[in-house]
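As structure tokens, the structure follows; a few thoughts come after it.
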Amino acid sequence: MVRVRMAPSPTGFLHIGNVRTALFNWLFARHHGGEFKLRIENTDTSREVVAATEQIQESLRWLGLEWDGDVTFQLDRMADCAALARQLVEEGKAYEDEGATRFRMPDEGVTAWDDAVRGRVEFPNEKLEDLVLVRSDGRPTYNFASPMEDVWDGITHVIRGEDHISNTPKQINLIRAVGAEPPRYAHVSHVLGADGKSLSKRHGSVTVDDFRHQGYYAPALVNFLALLGWSYDDKTTIMSRDELVGRFDLERVVPSPATFDYQKLDWLNGVYLRALSRDDYAEELVRYLRETGHDWDEELVRRSVPIVQEKIERFGQYPDFAGFLFRDVHPEPVLLGGREAVVEAARDALAEVEPFRAEPIEAALRGLAEKLELSPRKAFEPIRVAVTGSKVSPGLFESLELLGKDETLRRLTAAVAVA
RNA sequence: GGCGCAUUCGUCUAGUGGCCUAGGACACCGCCCUCUCACGGCGGCGGCACGGGUUCGAAUCCCGUAUGCGCCUCCA
């Protein structure tokens with residue numbers, strides 16, 4: 001039975017690179033019908049740790065990466081680690097050194113393993129320094145606690161970041177010293193930012209929370225992340241969660257680092273959003289707006305779905321794109337391009353439209369353009385600006401219908417007055 | 001500095017010795033569609049880091065160089 005774990009340190013919010021590692025673990029576990037455990041590598045119990053721990057779980061939940069069983073904490077195994085350290089000292093495998101306990105690494109030969117992503121990796125043992133197991137204050141170190149917990153938890157595959165490669169030979173020797181069999185290791189590469197540096201808090205939007213607030217859709221983010229360092233074949237990009245689970249395997253994970261490409265994520269997110277049913281889209285959009293503090297008329301938000309779904313690729317773009325439906329606009333006079341006369345004529349023409357629906361509105365405005373001997377493009381621009389405040393907006397006729405006759409006429413009048 | 005890992009279009013990748021005059025996707029450019037934007041359609045630009053081997057034949061195997069990254073903490 002396959003059992004893997006995600007073992008983040010609760011020093012901050014869940015970082016997108018670690019999320020990708022978590023996803024690989026989760027996919028691997030689900031693919032093999034195994035278990036995915038969540039273990040917090042805490043060494044203290046400060047308030048920040050509690051908050052980060054909560055945040056990590058919330059992020060995983062949002063992404064749909066459910067873990068199996070209870071969350072475990074490294075701190076809870078302090079006593080076990082201490083006891084094991086004493087035993088290793090008694091067996092002569094470790095020794096006291098300035099109050100700390102150190103493990104004797106072998107001096108000759110090599111320590112090697114067959115990495116599921118990189119193939120055989122080996123380190124000359126003479127380069128391995130004796131590892132501190134327990135600090136002089138009694139707390140176990142990460143390099144002691146983590147591999148021991150892997151043993152105690154029956155972890156079969158350790159899928160983690162490549163920054164742990166150098167730790168691996170030490171952990172393998174430790175695991176063998178306690179008479180256990182090392183798990184299979186898979187070291188996945190890092191995720192880099194657009195500048196080629198490892199993604200971190202200093203590089204903009206990198207926590208799961210940030211993606212959520214920018215209006216990304218979790219299934220799209222999962223699909224995108226899965227493709228960072230893994231591929232199914234030479235042409236498949238869009239894959240559902242189930243397809244990902246069915247197809248994922250470590251053999252196809254590449255060892256080289258991947259740069260996070262926001263443009264591709266945006267495109268993929270757009271693909272997902274466009275594929276949603278009207279109702280599902282509305283649900284997600286309403287929830288997003290509520291979460292980000294936009295207290296807008298839900299009914300109107302829902303009615304706007306047909307005119308925005310094809311147009312934006314992130315929910316985060318909605319406030320800018322469709323906000324004119326919910327708040328007054330103040331068009332820059334310069335944007336009207338000196339076509340106040342058109343705006344005024346449009347107001348008069350629209351005043352006659354009844355019912356105030358997209359079709360008759362379109363007929364009226366196209367008729368107006370023809371009468372003024374203007375191309376639709378030229379004629380509609382100042383109207384669009386006057387009503388939406390921008391040269392870019394959802395379809396004009398549908399927008400006017402949603403806005404309503406009174407408000408439309410009011411805005412057209414106001415624009416003429418300002419200009 | 002030592003040890004380790006990595007290196008195919010700008011980006012993500014396919015490729016495991018002949019199928020490769022290197023395929024796909026995003027981005028970019030052009031055209032079409034069109035009320036703006038977007039979607040969609042069509043076309044285009046663009047890459048095996050470098051140098052040696054091995055082989056009838058190398059993006060694919062070996063060695064070296066360069067570059068990037070990681071670790072070298074009583075951090076995780």
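Numbered from 1 within each chain, the chains take letters A, B, ... in sequence-line order.
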(request) Report yes or no: is the ring centroid of A:H164 under 5.5 Å from the six-membered base ring centroid of B:A76, with the two planes under 30 degrees? (result) yes
(request) Name the nucleic acid region contacted by A:D137, choosing base, sugar-phosphate or nothing; use a 4.0 angstrom heavy-atom cut-off, strictly under. (result) nothing
(request) Please work out if A:D266 contacts a base, only the sugar-phosphate, or nothing of the nucleic acid, heavy-atom cut-off 4.0 Å. (result) nothing
(message) Exactly one of A:K37, A:R77, A:R3 should register a salt bridge (Lys or Arg N to Asp or Glu O under 4.0 Å) with A:D153. Which one does?
(response) A:R77
Tabulated below should be each protein N or O lying under 3.5 Å from an N or O of nucleotides 23-30 of chain B; please produce it.
from  : atom 1 : to     : atom 2 : distance (Å)
B:G23 : N2     : A:D234 : O      : 3.2
B:A25 : N3     : A:K264 : NZ     : 3.3
B:C26 : O2'    : A:K264 : N      : 3.3
B:A27 : O2'    : A:Q263 : OE1    : 3.2

(message) For A:S9 and A:Y142, which I'm curious about, is there any donor-acceptor pair between the side chains at under 3.5 Å?
(response) no
Under 3.5 Å, side-chain donor or acceptor atoms of residues 273-284 of chain A against the rest of the protein: list the pairs with distances, not counting sequence neighbours.
from   : atom 1 : to     : atom 2 : distance (Å)
A:S277 : OG     : A:D280 : N      : 3.0
A:S277 : OG     : A:D280 : OD2    : 3.4
A:E283 : OE2    : A:R302 : NH1    : 3.0
A:E283 : OE2    : A:R302 : NH2    : 3.0
A:E284 : OE1    : A:R287 : NH2    : 3.1

(request) Name the pairing partner of B:G2, where a pair is Watson-Crick or G-U wobble with both distances under 3.5 Å, or state none. (result) B:C71
(message) Using Watson-Crick or G-U wobble geometry with both distances under 3.5 Å, which nucleotide pairs with B:G64?
(response) B:C50
(message) Tell me which one of A:T156, A:D150, A:N25 satisfies side-chain hydrogen bond (donor to acceptor under 3.5 Å, both in side chains) with A:R5.
(response) A:D150
(request) Using the P atom on both, measure B:A14 against B:G30 and round to a whole Å. (result) 31 Å
(request) Give one of base, sugar-phosphate or nothing for A:S136, where a contact means two heavy atoms less than 4.0 Å apart. (result) base
(request) Would you sort out whether A:H187 and A:T168 count as a side-chain hydrogen bond (donor to acceptor under 3.5 Å, both in side chains), showing the intermediate values? (result) CA-CA 10 Å; A:H187 288 95; A:T168 305; 3.0 Å; yes
